[in-house]
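Take a look at the structure set out below.
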Protein chains: 2
Amino acid sequence: MTDITKMCRKGINNLGVYAPGKPIEEVKRELGLEHIIKLASNENPFGCSPKAIEKIKEEAENVFLYPDGNGYYLKQTISEHYNIKVSQIILGNGSEEIVHMIARGFINQDDETIMAVPSFPRYETVTRIMGGIPTQVPLKDFKYDLPAIASKITGKTKIIFVCNPNNPTATILRKDELDEFLSQLPQDIILVFDEAYSEYVDDPQYKSGLTYLKEGYENIIVLKTFSKIYGLAGLRIGYGISSPQIIDILNKVREPFNTNRIAQKAAIEVLKDQEFVNKVRKENSKGRMYLEKAFDKMGLEYVKSYTNFIFVNIKKDSKTIFEKCLQRGIVVRPGYIFGYPQYLRITIGTEEQNEKLVEILKQLL
Amino acid sequence: MTDITKMCRKGINNLGVYAPGKPIEEVKRELGLEHIIKLASNENPFGCSPKAIEKIKEEAENVFLYPDGNGYYLKQTISEHYNIKVSQIILGNGSEEIVHMIARGFINQDDETIMAVPSFPRYETVTRIMGGIPTQVPLKDFKYDLPAIASKITGKTKIIFVCNPNNPTATILRKDELDEFLSQLPQDIILVFDEAYSEYVDDPQYKSGLTYLKEGYENIIVLKTFSKIYGLAGLRIGYGISSPQIIDILNKVREPFNTNRIAQKAAIEVLKDQEFVNKVRKENSKGRMYLEKAFDKMGLEYVKSYTNFIFVNIKKDSKTIFEKCLQRGIVVRPGYIFGYPQYLRITIGTEEQNEKLVEILKQLL
């Protein structure tokens with residue numbers, strides 16, 4: 001018998017084996033729980049704009065028709081929202097798909113990419129899939145270490161990924177740090193700003209990659225998503241903004257119908273409903289303050305968060321605490337998977353969810 | 001200024017430039033049409049199961065939550081439907097995404113793939129994206145020419161794509177032809193059966209790749225979709241069935257949340273509602289017979305169709321006729337894009353749509 005596994009591309013062998021997880025409904029059944037609070041995936045606990053829900057119900061009748069492969073109306077809405085050209089926008093099946101597209105478009109065998117660790121893990125995966133070599137630079141004080149990243153640049157460096165704010169640590173880079181980094185960056189390196197959580201940030205030191213793009217940098221790609229503050233994680237819709245030249249290349253490797261019909265329609269509604277977004281941002285700040293106070297009282301250290309999640313040092317084995325939380329009906333993200341065995345990454349929930357979380361953590365710690 | 005376009009992967013340069021199309025709503029406005037009949041993309045004019053529409057509306061409230069990345073319940077439903085193992089199934093954002101995954105998983109620089117032309121164009125695109133070399137073998141009598149394909153196999157051949165029924169010609173391969181082809185096929189070549197239209201086929205000579213899989217071939221991947229007879233084109237959901245070894249590799253290159261929440265839920269409903277599928281199949285047969293008779297009367301030759309579309313020789317320039325049809329409110333697919341300048345590919349519509357189409361073609365031809 002032929003060994004099929006030997007037929008796959010070389011880089012694939014370095015990728016982790018896929019472990020299918022169980023849906024939350026199955027976990028509930030197995031643990032005999034009626035209700036589970038999910039604070040593990042940084043979703044928006046306040047849901048999405050009610051206008052989007054209405055639109056989804058309306059559009060249900062049309063699902064037999066292909067989506068508009070070009071995303072005409074959604075791209076127009078995004079273009080107006082940021083005052084950028086439509087030719088600067090690409091839509092993705094989540095911004096995650098755009099990370100894949102960037103790799104497909106630019107990474108040759110043995111090309112190098114640089115990213116921090118821990119950060120969003122897909123930058124490494126897509127590099128390996130395309131036969132590239134990822135260089136992972138440790139965080140410094142839970143933040144992207146830009147000078148260390150700059151020092152790793154070689155003649156083979158093709159792409160640098162910067163997750164800002166960073167997942168899982170919830171930190172941001174200051175604009176002076178970024179300005180300096182960019183002033184030294186060779187123009188033939190693509191700098192990807194993954195700004196999935198940018199809408200939560202309320203700090204004058206934060207500078208979006210969009211501003212750099214508008215300042216004239218053509219080698220920048222900014223990734224945004226509707227999965228976080230906009231509350232559409234389940235629909236898979238995100239977008240990238242860059243120079244028209246880069247967008248052209250990404251379109252060449254894009255699947256023609258990569259974003260679905262319902263997602264396109266809903267995304268237009270959520271983007272237009274900034275009132276809802278402002279409400280969520282405010283509620284999230286309140287929740288963050290509540291949790292910070294609670295952690296202070298419990299003597300737990302945490303990384304100052306600029307997002308809708310907190311990276312907290314529980315000073316105990318995160319895997320054990322994760323499991324005990326789960327048995328009590330609450331799911332968080334254990335830090336050992338990020339290389340921080342005593343941390344938890346906790347999504348900020350609704351008031352009720354946050355209170356329940358604190359109550360359980362007090363019992364366990 | 002750095003020329004960014006020179007930074008992309010070599011294979012990408014060979015891909016066509018992306019030409020953004022306008023959504024049908026814009027075309028309507030420009031032409032001053034109230035209504036457009038779309039017979040261009042082989043969608044299901046009867047829509048999808050009403051049970052799926054209900055489920056979509058129900059699930060609208062949950063779009064803030066990520067989908068189940070593993071598609072647990074949908075894979076269970078597919079597994080029961082075909083009596084295969086869950087480990088033999090992979091879900092895709094349309095079966096088209098799985099074509100991409102196969103390329104990402106298996107095609108190295110300069111690996112060869114073989115497919116017919118004209119056929120579904122993505123087999124060629126994904127090969128080029130990955131730096132592979134596509135060998136395109138002309139159809140014979142509008143059908144895949146398996147002996148010619150076999151003769152093109154070299155030591156570098158990695159994948160053979162067989163679209164059965166074939167798009168755009170609506171033909172099928174007979175089981176004796178396939179049996180012979182498979183008996184000679186080296187086991188280290190992956191044979192992809194794209195069966196997007198298989199549910200429309202009602203012919204004892206048709207043999208699905210699934211049957212070969214069950215007979216023990218491990219190097220076969222069968223692609224199925226919910227976009228055609230199941231009427232969920234807008235949601236982007238399809239699946240692949242293969243040996244667990246191949247599925248494992250595809251899972252390594254799969255995006256963790258590649259299929260959306262609404263699509264997963266709706267797909268379960270449509271797959272269970274086989275009564276609806278049977279009704280569609282029957283209506284489609286009636287429509288096909290109606291169009292065949294009408295074409296006969298008009299003296300137009302057509303390729304015998306086993307699907308929900310017909311490839312018809314209009315003996316005039318297809319681009320001109322396409323445009324004239326459009327002005328009259330009907331969209332079809334002109335054959336020149338497939339290398340058949342005097343053909344149209346026409347989706348079989350509802351009774352009313354078919355009558356309108358015939359009326360317009362009579363005027364124009």
Side-chain angles (χ1 to χ4, degrees), chain A residues 2 4-5 7-9 12 15 18 20-23 26 41 43-44 47-48 53 56-57 60-70 72 93-94 96-97 100 104-106 108-109 129 187-188 218-219 231-236 243 245-246 248-249 251-253 255 257-258 260-263, chain B residues 2 4-5 7-9 12 15 18 20-23 26 41 43-44 47-48 53 56-57 60-68 70 72 93-94 96-97 100 104-106 108-109 129 187-188 218-219 231-236 243 245-246 248-249 251-253 255 257-258 260-263 266:
Chain A
T2 311
I4 287 166
T5 51
M7 289 163 56
C8 74
R9 285 165 53 82
I12 315 295
L15 297 173
Y18 168 76
K22 278 181 195 161
E26 292 298 303
S41 305
E43 292 140 336
N44 183 348
C48 70
I53 296 177
I56 294 167
K57 291 180 179 170
E61 312 282 341
N62 294 326
V63 291
F64 68 103
L65 294 169
Y66 276 92
D68 169 19
N70 182 37
Y72 185 89
N93 187 40
E96 186 165 336
E97 193 205 12
H100 271 267
R104 279 212 290 279
F106 291 99
N108 294 299
Q109 185 74 34
I129 288 175
Q187 283 181 32
D188 59 352
E218 294 184 336
N219 53 336
L232 299 182
L235 292 184
R236 315 309 300 123
S243 55
Q245 303 95 293
I246 286 185
D248 274 354
I249 293 167
N251 266 318
K252 286 188 175 194
V253 300
E255 292 158 41
F257 298 107
N258 63 326
N260 73 80
R261 194 173 184 89
I262 298 248
Chain B
T2 310
I4 287 166
T5 51
M7 290 164 57
C8 73
R9 285 166 51 82
I12 314 295
L15 297 174
Y18 167 77
K22 279 181 192 158
E26 292 299 302
S41 304
E43 291 141 336
N44 182 348
C48 70
I53 296 177
I56 293 167
K57 291 180 178 170
E61 312 283 341
N62 294 326
V63 291
F64 68 103
L65 294 168
Y66 275 93
D68 168 19
N70 183 36
Y72 184 90
N93 186 40
E96 187 165 337
E97 194 204 12
H100 271 269
R104 281 211 290 279
F106 291 100
N108 294 300
Q109 185 75 35
I129 289 175
Q187 283 182 30
D188 59 354
E218 294 185 337
N219 54 335
L232 299 181
L235 293 183
R236 316 308 301 122
S243 54
Q245 303 96 293
I246 286 185
D248 274 354
I249 292 168
N251 266 318
K252 285 188 174 191
V253 299
E255 291 157 42
F257 297 107
N258 63 326
N260 72 80
R261 195 173 181 89
I262 298 249

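In what follows, every chain begins at residue 1, and chains take the letters A, B, ... in the order their sequences are listed. Only this structure's heavy atoms are used, side chains among them; waters, hydrogens and symmetry mates stay out.
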Measuring from [X]:[atom1] to [Y]:[atom2], what's the distance to the nearest 0.5 Å?
X       : Y       : atom1 : atom2 : result
M7(A)   : Q187(B) : CE    : CD    : 10.0 Å
Y72(A)  : E26(B)  : OH    : CD    : 3.5 Å
L235(A) : L65(B)  : CG    : CG    : 11.0 Å

Between the side chain of [X] and the main-chain N/O of [Y], is any donor-acceptor distance below 3.5 Å?
X       : Y       : result
E43(A)  : Y66(B)  : yes
N93(A)  : N258(B) : yes
R104(A) : I129(B) : no

Contact part of N260(A) toward chain B, heavy-atom cut-off under 4.5 Å: side chain, backbone, both or neither? both
Please report the closest heavy-atom contact between [X] and [Y], naming both atoms and the distance.
X       : Y       : answer
H100(B) : V253(A) : CE1-O, 3.9 Å
P67(B)  : A233(A) : CD-O, 3.6 Å
F257(B) : R236(A) : O-NE, 2.7 Å

Top contributor to chain B contacts, counting heavy-atom pairs under 4.5 Å, from [options]:
options                           : value
I249(A), N44(A), I262(A), N219(A) : I249(A)
R261(A), K57(A), E255(A)          : E255(A)
P23(A), A60(A), G94(A)            : P23(A)
N62(A), D68(A), I56(A), I12(A)    : I12(A)

Greatest number of non-hydrogen atom pairs under 4.5 angstrom with chain A, of G105(B), G47(B), C48(B), S41(B), falls to G105(B)
Who pairs with Q109(A) by side chain to side chain contact (heavy atoms under 4.5 Å, CB included), at least two apart in sequence or on another chain? none
